[in-house]
Undergrad: 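Sharing a structure here in structure tokens format.
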Amino acid sequence: MDALQRHRSLYKGTTPPWKETYRKRCVERLKNSRSRLLEKYRQMSDCTGDSKSSLLVQEVMEMEWNALQSANQSLPSLWRKDGIKDMYSDMQEYDEQAVLEEIQQELMSQERSIIEEYHKSQQYEERYLNVVVDGMEDDGKLICPVCHVNNLTVNSHFISCPCGLYINTMGRNITPEVLQHLLEARVTEHMEDCLQNPVFSVASNMEGSPNLMISCKACDYLSVVL
């Protein structure tokens, strides 16, 4: 056994010192790239249907490896045109191949989770909009977005619900159709960047008048509907 083989044998089966730093940075970058991931997923779905391959994992791993390497010149330049599969051939010590495959699988799992949450949010949005549209089709009334139970009273003077919601609409030309559009627009706007379900509530503005609000604790989204 030559010196190089003995060196590799010595570290075989141990964890490389860069693993945890690299893993955390990859996970954080993928998390922060959620909006771009979903945009890429929507584009691919429109063109080819749902894709089961990873969308950003290789890019994330490559960028973080380059960043790690710039701070540690002893790390090899591993990314070539063929990507991660080609880099494995250079990874011999510490079971690096197994480590990289483990990190890759973790990132792919996280990517799938983000897409699954996106589908759930789409289903919520679709259910809510269906309820709104169905109410309009049945009798021209809207379901209250606060209590999800009662029909709203909408006229040129106010919007009200037995649950306690009351918004003065004098001089604002609010009709059921206008209110429906405002509700749909806010729900859609929130869902573009967040996968959690928003809630509606009534809050007073600086002048003490009530506003219909939409908010989300998960992403701190807050917007005035009316």
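All values below come from the heavy atoms of this structure, side chains included, with hydrogens, waters and symmetry mates left out. All values derive from a computational prediction rather than experimental measurement.
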Undergrad: May I ask you to test the Leu165-Leu212 pair for a side-chain heavy-atom distance under 4.5 Å?
TA: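 The answer is yes; the side chains approach within 4.5 Å.
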Undergrad: Does a side-chain N-to-carboxylate-O contact under 4.0 Å join Arg23 and Glu20?
TA: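 Glu20 and Arg23: salt-bridged.
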Undergrad: What I'd like to find out is whether the side chain of Met108 reaches to under 4.5 Å of the side chain of Arg112, using heavy atoms alone.
TA: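 Of all side-chain heavy-atom pairs linking Arg112 with Met108, at least one is under 4.5 Å.
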Undergrad: Restricting to non-hydrogen atoms, name the atom on Cys216 and the atom on Pro198 that form the minimum distance, rounded to 0.1 Å.
TA: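 In this case the closest contact between Cys216 and Pro198 is CB-CA, 4.4 Å.
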Undergrad: Under the salt bridge (charged side-chain N to carboxylate O under 4.0 Å, His left out) rule, collect the residues that match up with Glu189, sequence neighbours excluded.
TA: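 None.
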Undergrad: Quick one: side chain to side chain donor-acceptor pair (under 3.5 Å) partners of Arg186, sequence neighbours excluded?
TA: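 Per chain and number, Arg186 pairs via side chain to side chain donor-acceptor pair (under 3.5 Å) with Ser223.
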Undergrad: Using 30° and 60° as the class boundaries, would you call the ring planes of Tyr166 and Phe158 parallel, tilted or perpendicular?
TA: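 Rings of Tyr166 and Phe158: parallel, under 30°.
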Undergrad: Working to the nearest 0.5 Å, report the span between SG of Cys161 and CG of Leu142.
TA: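 Here the interatomic distance stands at 11.0 Å.
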Undergrad: Find the distance between CD (Glu64) and CD (Glu59) and round it off to the nearest 0.5 Å.
TA: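 Going from CD on Glu64 over to CD on Glu59, the span is 11.0 Å.
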Undergrad: Rounded at 0.5 Å granularity, tell me how far OG in Ser215 sits from CG in Leu222.
TA: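 Here the rounded value is 6.0 Å.
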Undergrad: Do Val149 and Cys163 come close enough that some side-chain heavy atom pair is under 4.5 Å?
TA: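 They are not in side-chain contact.
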Undergrad: Whether the side chain of Ser70 engages the backbone of Ala67 through a donor-acceptor N/O pair (distance < 3.5 Å, no angle test) should be reported.
TA: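 The answer is yes, because a donor-acceptor pair under 3.5 Å joins these two groups.
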Undergrad: Determine whether the side chains of Glu184 and Gln180 contain a donor N or O and an acceptor N or O closer than 3.5 Å.
TA: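 Side-chain D/A pair, Glu184 to Gln180: present.
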Undergrad: Which is it for Tyr41 and Ile114 under the side-chain contact (heavy atoms from CB on, under 4.5 Å) test, yes or no, and what are the steps along the way?
TA: CA-CA 11 Å; Tyr41 174 74; Ile114 292 173; over 6 Å; no
Undergrad: I'd like to know if Arg34 and Glu117 make a salt bridge, using a cut-off of under 4.0 Å between side-chain N and carboxylate O.
TA: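 No, no charged N to carboxylate O under 4.0 Å.
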Undergrad: Just to verify, what does Ser113 make a side-chain contact (heavy atoms from CB on, under 4.5 Å) with, not counting sequence neighbours?
TA: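 For Ser113 there are no side-chain contact (heavy atoms from CB on, under 4.5 Å) partners, ignoring immediate neighbours.
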Undergrad: Would you say Asn205 has more than 12 foreign heavy atoms packed within less than 6.0 Å of its CG?
TA: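 More than 12 heavy atoms, drawn from other residues, nucleotides or ligands, come within 6.0 Å of this atom.
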Undergrad: Under a 4.5 Å side-chain heavy-atom rule over Ile, Leu, Val, Met, Phe, Trp and Tyr, are Met213 and Val146 clustered together?
TA: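 They do not share one cluster, since no chain of ILVMFWY contacts under 4.5 Å joins Met213 to Val146.
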Undergrad: Is any side-chain heavy atom of Val57 closer than 4.5 Å to a side-chain heavy atom of Cys26?
TA: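 Counting from C-beta outward, Val57 and Cys26 never come under 4.5 Å.
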Undergrad: May I ask you to decide if Val178's main-chain N or O and Thr175's side chain share a donor-acceptor pair within less than 3.5 Å?
TA: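 Looks like yes, one N/O pair under 3.5 Å.
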Undergrad: Can you measure from CG (Leu38) to CG (Leu56) and round to the nearest 0.5 angstrom?
TA: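 If we round to the nearest 0.5 Å, Leu38:CG and Leu56:CG are 9.5 Å apart.
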Undergrad: Grab the two heavy atoms, one from Ile167 and one from Pro210, that are nearest each other, plus how far apart they are.
TA: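 Heavy atoms only, the tightest pair is CD1-O, 3.7 Å.
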Undergrad: If we ignore hydrogens and angles and just use 3.5 Å, is the side chain of Tyr22 paired with the main-chain N or O of Met61 as donor and acceptor?
TA: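 The answer is yes, because a donor-acceptor pair under 3.5 Å joins these two groups.
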Undergrad: If you round to the nearest 0.5 Å, how far is CD1 of Ile103 from CH2 of Trp65?
TA: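 The distance works out to 8.5 Å.
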Undergrad: Quick one: pull up CD1 in Ile159 and CG in Asn168 and give me the separation to the nearest 0.5 Å.
TA: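 Between atom CD1 of Ile159 and atom CG of Asn168 there are 9.5 Å.
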Undergrad: Between the main-chain N or O of Leu226 and the side-chain N or O of Asn211, is there a donor-acceptor pair closer than 3.5 Å?
TA: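 It does hold such a pair.
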Undergrad: Please assess Glu62 against Asn66 for the test side-chain contact (heavy atoms from CB on, under 4.5 Å), listing each intermediate value before the final yes or no.
TA: CA-CA 6 Å; Glu62 178 178 356; Asn66 289 338; 3.8 Å; yes
